[in-house]
Amino acid sequence: MSSNLDDFRSELLPPRHREGRVRVLFLNNDVLGWRTFARTLEHYSADRDDLDCVHLRLQTKPWLRALTVGIEGTSGLDPHILRVRAWRRMVARWLRTAVPLEHFDVVHVAPQFPALAVAEMRGSWPGILSVSFDSTVIKGKAMRVHGDEAAARERFQRLVEAEQLIVSRSQLLCPMSEWAANSLHVEYGVPRSKMILLPPVLAGTMPLVPAEHADAGPIRLCFVGNDWERKGGPDVLRWHQERWSDRAELHVFSSGAKKVEGGKNVVLHGSVTHDELVLSWLPKMDVFVFPTHADQSPWAVVEAASVGLPVVASDIGGLSDIVKDGETGYLVAPDDEAAFTARVEQLLDDGGLRRQMGERARRHATQAFDGGRLFNAFFDRLVAEAG
């Protein structure tokens with residue numbers, strides 16, 4: 001069963017005492033890639049007759065977003081800190097009223113910080129806490145301070161302490177990449193036996209539509225990212241206008257993109273629905289360009305690869321799990337403009353290379369990120385932990 005908390009009814013709760021099936025509460029953040037994660041989780045869990053599931057989408061309230069915008073760097077604060085505090089209060093209230101923990105054997109939270117309230121209640125609830133991580137605080141925040149992990153640890157110490165509590169009181173951790181898994185092991189000493197990889201997966205609800213790769217017409221470059229500045233949108237736009245506008249179209253899917261006066265061969269699509277992007281637009285593209293400055297394991301890159309697009313992306317976060325450098329695309333050191341543009345130009349110049357890399361990207365994505373295999377392995381682990 002699936003519900004938002006606003007319309008959740010007590011009769012949807014599993015029985016107070018277990019009667020065979022493992023009772024699981026899934027708390028998923030309902031933003032960006034985590035919305036895709038939640039939808040996929042709901043899809044695959046519906047086929048499990050050994051699970052009794054409640055799915056709740058956690059939505060950041062408009063007042064909370066307004067409260068925490070534009071304060072990063074002020075007096076050592078960060079929007080994340082205030083949001084974590086607000087989530088802790090809200091989730092704790094829900095668990096004491098609408099969805100009491102005694103109705104569940106397992107609680108899985110994605111991503112980690114809404115799990116703080118559950119971690120703090122572990123003394124009175126003997127169930128299993130399972131948590132998804134796209135990044136640890138230290139690795140994720142270091143991207144914002146030029147790779148300086150010591151500076152990130154000092155500046156965001158309160159977040160590190162909250163994350164440490166969540167890790168120490170969880171029975172299962174689900175990193176989205178080897179990069180995140182290694183960070184959990186190094187930063188917090190988590191053994192591999194306590195982890196299971198749960199990367200951005202391809203949902204069985206989304207049929208794969210192979211890329212067309214038409215021979216006629218201009219080559220189509222594609223950029224996806226609503227967080228326009230962080231994802232490197234201005235860089236792609238500038239490179240295209242300076243270097244590629246005579247031989248390639250640039251298709252931009254972003255609510256943050258600004259109209260370029262006099263921009264040549266640029267198509268600004270704005271923000272489109274996930275289904276429209278994956279089913280209608282990505283298969284019409286030729287190369288996916290993603291010079292992000294800070295990222296973990298972006299779903300858009302997996303989805304682009306799955307339809308057969310070679311990817312040129314920044315070599316950060318968990319992207320090395322998604323893009324196999326030199327095989328399915330190219331990974332470039334962040335902010336290395338010369339290397340990035342050179343790799344894009346290799347693909348612009350060589351149609352055969354585009355197709356070869358695109359086909360290898362499709363095979364890798366459909367094998368490595370198969371939702372049925374990965375999610376059912378995850379559900380098997382939850383059943384084993386609860387049993």
Side-chain angles (χ1 to χ4, degrees), residues 208-226 228 231-254 256-272 276-292 298-315 319 322-333 336-366:
L208 293 179
V209 181
E212 298 173 1
H213 294 309
D215 292 323
I219 300 166
R220 291 149 298 189
L221 302 176
C222 177
F223 170 86
V224 176
N226 285 328
W228 175 244
K231 300 282 186 178
D235 297 327
V236 176
L237 196 53
R238 176 171 56 83
W239 298 337
H240 176 265
Q241 291 299 287
E242 292 175 354
R243 299 167 178 266
W244 311 319
S245 62
D246 288 335
R247 54 176 172 157
E249 285 181 351
L250 174 62
H251 291 257
V252 175
F253 299 86
S254 172
K258 306 301 181 184
K259 185 175 181 179
V260 181
E261 294 297 333
K264 182 179 179 180
N265 280 337
V266 178
V267 183
L268 299 177
H269 296 269
S271 180
V272 302
E276 183 182 354
L277 174 67
V278 176
L279 299 178
S280 299
W281 286 112
L282 286 182
K284 294 181 173 67
M285 301 295 116
D286 295 297
V287 180
F288 194 85
V289 186
F290 196 67
T292 180
W299 257 268
V301 180
V302 176
E303 290 161 346
S306 74
V307 303
L309 301 186
V311 176
V312 184
S314 301
D315 189 8
L319 276 160
I322 304 171
V323 181
K324 297 304 176 185
D325 186 40
E327 298 179 23
T328 70
Y330 296 111
L331 292 174
V332 181
D336 189 342
E337 179 173 327
F340 207 103
T341 54
R343 290 306 195 187
V344 173
E345 284 163 9
Q346 278 184 268
L347 292 169
L348 290 176
D349 293 338
D350 192 336
L353 180 64
R354 287 199 304 274
R355 286 169 171 77
Q356 289 172 7
M357 282 194 161
E359 178 56 26
R360 288 196 292 262
R362 187 193 63 78
R363 288 201 303 267
H364 171 65
T366 54

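All heavy atoms count here, side chains included; hydrogens, waters and symmetry mates do not. Just so you know, residue 1 is the first one in the sequence shown, and it goes up from there.
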Please determine whether side chain to side chain contact (heavy atoms under 4.5 Å, CB included) holds for the pair R247 and D349, giving the CA-CA distance in whole Å, both sets of side-chain angles, and the decisive distance to 0.1 Å.
CA-CA 10 Å; R247 54 176 172 157; D349 293 338; 2.5 Å; yes
How far does CD1 of I322 sit from CZ of F290, to the nearest 0.5 angstrom?
8.5 Å
Non-hydrogen atoms of P310 and G308 that approach each other most closely:
CD-O, 3.8 Å
Quick one: does F223's side chain get under 4.5 Å of H240's, heavy atoms only?
no
Mind checking whether V289 and P291 have side chains closer than 4.5 Å, heavy atoms only?
yes
So, are E359 and R355 salt-bridged, with charged N and O less than 4.0 Å apart?
no
Set out, in order, the CA-CA distance, both residues' side-chain angles and the distance that settles side chain to side chain contact (heavy atoms under 4.5 Å, CB included) for L237 and W228, then state yes or no.
CA-CA 11 Å; L237 196 53; W228 175 244; 3.9 Å; yes
What I'd like to find out is whether the side chain of K324 reaches to under 4.5 Å of the side chain of R360, using heavy atoms alone.
no
D235 versus E337: any side-chain heavy-atom pair under 4.5 Å?
no
Work out which heavy atom in S314 is nearest to a heavy atom in T292; give both atom names and the distance.
OG-O, 2.7 Å
Spatial distance of atom CG (D350) from atom CE (M357) [nearest 0.5 Å]
9.5 Å
Contact between D325 and D315 at the side-chain level, heavy atoms closer than 4.5 Å - yes or no?
no
With heavy-atom distances below 4.5 Å as the criterion, would you say the side chains of S245 and L250 are in contact?
no
Which of parallel (below 30°), tilted (30 to 60°) and perpendicular (above 60°) describes H269 and F253?
parallel
Nearest-0.5 Å distance that lies between atom CG in D246 and atom CD in Q241
9.5 Å
Looking at CD of E303 and CG of L309, how far apart are the two atoms once the value is rounded to the nearest 0.5 Å?
11.5 Å
Before you tell me yes or no, could you show the steps for V236 and L221 under side chain to side chain contact (heavy atoms under 4.5 Å, CB included), namely the whole-Å CA-CA distance, both residues' side-chain angles and the distance that decides it to 0.1 Å?
CA-CA 9 Å; V236 176; L221 302 176; 6.0 Å; no
Please test L347 against I219 for side chain to side chain contact (heavy atoms under 4.5 Å, CB included), starting from the C-alpha separation and ending with a verdict.
CA-CA 10 Å; L347 292 169; I219 300 166; over 6 Å; no
In Å and rounded to the nearest 0.5 Å, what is the CD to CG distance from E249 to D286?
9.5 Å
Rounded to the nearest 0.5 Å, what separates atom CG in N265 from atom CH2 in W244?
13.5 Å
Is the shortest heavy-atom distance from the side chain of V311 to the side chain of T328 under 4.5 Å?
no
